[in-house]
Amino acid sequence: MRITQGMIIRRSINRFRDQTANIDSLQQMIASGKEINDPSDDPLRFRRAARFKNMLSRNEQYIDTIERTSAWTGATEVALDQVNNLLLEAREIAQKAADETVDSDSLAVMQSRVDGILEETLSILNSKHLDKALFAGSMTDLETPFAIVSGLPVYNGDDQELQRKIADQFEVSINVSGQEIMDTNLLQGLIDLSDAIAAEDRTAIAGSIDAIKVVSDGVLQLAASIGSVQNTIDVSMERLDTMNIELQSLISDEEDVNMVEAIVKFESEQAAYNAALQSTADIVRLNVMQYFR
Amino acid sequence: MAISKLLELGKQSLATYQTAINITGENIANANVEGYSRQRVDLGDLRIGNKRIGTILGGVEASSVKRIRERLLDAQYWREKQNLGKFETNVRALHQIETFLADDSEGGLTASLQAFWQAWGDLANDPESATARNLVRDKAISLASAFNSADGHLQSTRHHLGTEIRSEIRRVNKLSGHLADINKQMLAGQTPELLDQRDRIIDELSQYIAIEAREEDNGTMSVTTGGIVLVSGEEVNELKVSLVDSESGSQAVISFKEFDYQPQILSGEINALMEVVNETIPGITAQLDQLADAIVSGVNGVHSGGYNLDGITGINFFDTSSTGASGIRLATEIIQDPSLIASRSGSSGVGNNDIALAINDLQNQVMVDGLAPAAFLDNLLGDIGSQLQEAMLQENSQRLITEKLENEREAIAGVSLDEEMTKLLQYEQSYEAAARLVQTVDEMMETVISLV
């Protein structure tokens, strides 16, 4: 083939164009750490990475939900625990008050303590976590879901469950509703005890001992149920954490550049480019004119 | 033979080599001119005298100046160049679209959509919160504006490419006019310069539009596109672009100015531009519209059945009066008063999050074309990526083919400076020799004269 200077120059320019394009894309890969910067870099891998990213984004939502939920269930557990301690104290008082030898003055002191316990219990039941009533069902904006009206316990909330989504297709209910607490007879039990002590009715006081035991069992059961919710979300959290790591590594497999490989390629492209520049410079300078004198 | 004849022979040689040096000089001068075909001087014997006496070598003349060119290669090159123009333009246009739609920054479609679902998830975790409601509103506004700007970008790209078609058609018309002029001059007499110019015009035309070029016996070039004559002799049929409304929006249509016929333009830059303007972009827009509409109706369907904290219900979250990616926007009431955002179902307290959960869960629901919204979007981006990747592969291989033909053409028609310099030396020596001859003859004449 006849080779002209024009051909040499044009080919060199084309080669420079291709080589700079290669170097540029390698440089971009190394700088971004990603092999897939645009869908067209590899549509298949882009799609896979996109699917994993969607899963990862949902996972992170679930993890966020679980973290908030944990705080809520924790607060619920603490509240129920405190209620239970108060119940233990009430039961001890009842056992003492049941003793025939206790005089009226002592009974009056005991009764005022039981009333105090009732107040404390009421305040715990009306307590809030992040400005939301813990035991009001879905009516979390109530200031006092529980009240004592003319000596009778009244619950103003509802019996709804609060749902949180902690995995695909998996919702847990995270609250103990006030109705469930009413059903344990907690407040009524304490009122009955106070009334019995006031009336110095030893039979009724003795009856209260058992009644409060039943209440206490009911409260413990509620605490256990919230504990099992806590357990469930802890397990979910572990699973989500593991899955997150897996997803991140899957995304990285699809997207990230193999640095060693990229750098080695970059070096060799650089060497090739250098060689091309050098040889072109040499060839372009070479012509017959140098030999005519 | 008379001495004066010898003088004539010397003069003839001097003139011939001067011509040869002249042509060589022209070749050297045009060595870098794109589309220049090198010229060669054919030297022929000049036979003079009485043929009956026999042939006497009587001198030299530049019997012809030839333009070195391979017609077959030209035809191949033109065909491949049309495809190259098509693929290059395809890549350029698709690249613009990809860069914008696949934007993975915070304001991009993908990220905005994710943030939108997340905001509903946050509201589901905290349904009593005003802050979470503001967040839902803000993320929804970002999502709507991501859709709007994606659509806006597509439309402006389309408009911009439409303008490009117009200016390329104008250029084609201009080139056709030039070619007709050259055809006219060609009838008066062919020169290498005219032929080069003619071929250069076809080179450029090939980049824009699919053409068939045929060289007539009289040296004029006839060009057709889609089987219809563009240039024939001095006649030109000019093209025009117009926008025609159709069911799928306005379409660019190319037809002849003088008669309403739409030629099938199967390659060249104009073909690629037409495809992107009339099919690719409207196709992508339609899919974005589909996605936007699905999100609007999905979210509204759930939201309007829900209650806000004050018990207000029946509110649409997105404005229902405008549709598509260009029209998606929040209901004005929601923008002004985010407390209207519903999170709970009817009879429940404010801690209920049924509605927020249900809307958050829409991200997992089959909503568009049998896919969840994010999957639909990823598919769309993946499709654009596949198209672009394919176009880039085609462009690369087409470039190699075209470059190879360019080289083959250059191998025949291109100027080699080494060759020309060597010839120059050769002609120069011959010229010197011829001059020496004249000098010798002069001395001979002097000798003869001194005899007298």
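Chain identifiers are assigned alphabetically (A, B, ...) following the order of the sequence lines, protein sequences preceding nucleic acid strands; residue numbering begins at 1 within each chain. As the structure is a prediction and not an experimental result, all values here were calculated from the model.
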dist A:Ser70:OG -> A:Glu77:CD (nearest 0.5 Å) comes out at 9.5 Å

Turns out that what part of B:Glu420 lies under 4.5 Å from chain A's heavy atoms comes down to neither

Cut-off 4.5 Å, heavy atoms of chain B, and the answer for A:Lys132 is side chain

Residue pair B:Arg38 / A:Thr4, side-chain heavy-atom distance below 4.5 Å: no

Interface check, chain A: of B:Thr422, B:Asn32, B:Asp354, most non-hydrogen pairs under 4.5 Å belong to B:Thr422

_Less than 3.5 Å apart, any donor N or O on the side chain of A:Arg58 or B:Asn364 sitting next to an acceptor on the other?_
yes

Among B:Asp104, B:Leu309, B:Asp361, the residue with the most heavy-atom pairs under 4.5 Å to chain A is B:Asp361

Notebook entry, point to check: Does the side chain of B:Trp120 reach to within under 4.5 Å of the side chain of B:Leu362, using non-hydrogen atoms?
Noted result: no

Turns out that what part of B:Leu381 lies under 4.5 Å from chain A's heavy atoms comes down to both

The interface call for A:Asn175 against chain B, heavy-atom contacts under 4.5 Å, is neither

Q: Decide side-chain hydrogen bond (donor to acceptor under 3.5 Å, both in side chains) for B:Glu403 and B:Asn407; before the verdict, give the C-alpha distance in whole Å, the side-chain angles of both, and the deciding distance to 0.1 Å.
A: CA-CA 6 Å; B:Glu403 275 166 9; B:Asn407 274 332; over 6 Å; no

Candidate pair A:Ile251 and A:Lys53, rule side chain to side chain contact (heavy atoms under 4.5 Å, CB included), full reasoning: CA-CA 7 Å; A:Ile251 292 170; A:Lys53 277 188 197 164; 3.7 Å; yes

So, the part of A:Arg17 with a heavy atom under 4.5 Å from chain B: the answer is side chain

*For the residue pair B:Phe100 and B:His153, categorise the inter-ring angle as parallel (less than 30°), tilted (30 to 60°) or perpendicular (more than 60°).*
parallel

Whatever's closer than 4.5 Å to a heavy atom in chain A on B:Val350 counts as both

Comparing A:Asp141, A:Asp18, A:Leu130 against chain B, the one with the most heavy-atom pairs below 4.5 Å turns out to be A:Asp141

Residue from A:Ser138, A:Pro39, A:Ala50, A:Gly137 scoring the most non-hydrogen pairs under 4.5 Å with chain B is A:Ser138

The interface call for B:Ala374 against chain A, heavy-atom contacts under 4.5 Å, is both

Whatever's closer than 4.5 Å to a heavy atom in chain B on A:Asn54 counts as both

When the 4.5 angstrom heavy-atom criterion is applied to B:Ile384 and chain A, the contacting part is neither

Exercise for review: Kindly indicate, with the supporting measurements, whether the criterion side-chain hydrogen bond (donor to acceptor under 3.5 Å, both in side chains) is fulfilled by B:Ser105 and B:Asp103.
Suggested key: CA-CA 6 Å; B:Ser105 72; B:Asp103 168 20; 2.8 Å; yes

Greatest number of non-hydrogen atom pairs under 4.5 angstrom with chain A, of B:Glu419, B:Gln118, B:Arg344, falls to B:Gln118

inquiry  = Between A:Ile63 and A:Met237, does the side chain to side chain contact (heavy atoms under 4.5 Å, CB included) criterion hold? Intermediate values first, please.
reply    = CA-CA 6 Å; A:Ile63 288 174; A:Met237 186 73 165; 3.6 Å; yes

Under 4.5 Å to a heavy atom of chain B? For A:Glu171 that would be side chain

Bottom line for B:Asp126: the part with an atom under 4.5 Å from chain A's heavy atoms is both

When the 4.5 angstrom heavy-atom criterion is applied to A:Met1 and chain B, the contacting part is side chain

Comparing B:His95, B:Gln387, B:Arg399 against chain A, the one with the most heavy-atom pairs below 4.5 Å turns out to be B:Arg399

Review point. Quick one: does A:Glu269's side chain get under 4.5 Å of A:Ser25's, heavy atoms only?
Key: no

The side chain to side chain contact (heavy atoms under 4.5 Å, CB included) partner of B:Gln287 among B:Leu380, B:Val368, B:Asn379 is B:Leu380

In terms of heavy-atom pairs under 4.5 Å with chain A, the winner among B:Glu406, B:Glu98, B:Met421 is B:Glu98

Inset, instruction - Decide yes or no on side-chain hydrogen bond (donor to acceptor under 3.5 Å, both in side chains) for A:Arg164 and A:Thr69, but give the supporting numbers first. - result: CA-CA 8 Å; A:Arg164 292 292 182 268; A:Thr69 304; 4.5 Å; no

Interface check, chain A: of B:Ser348, B:Ala375, B:Gly121, B:Ala102, most non-hydrogen pairs under 4.5 Å belong to B:Ser348

Whatever's closer than 4.5 Å to a heavy atom in chain B on A:Gln5 counts as both

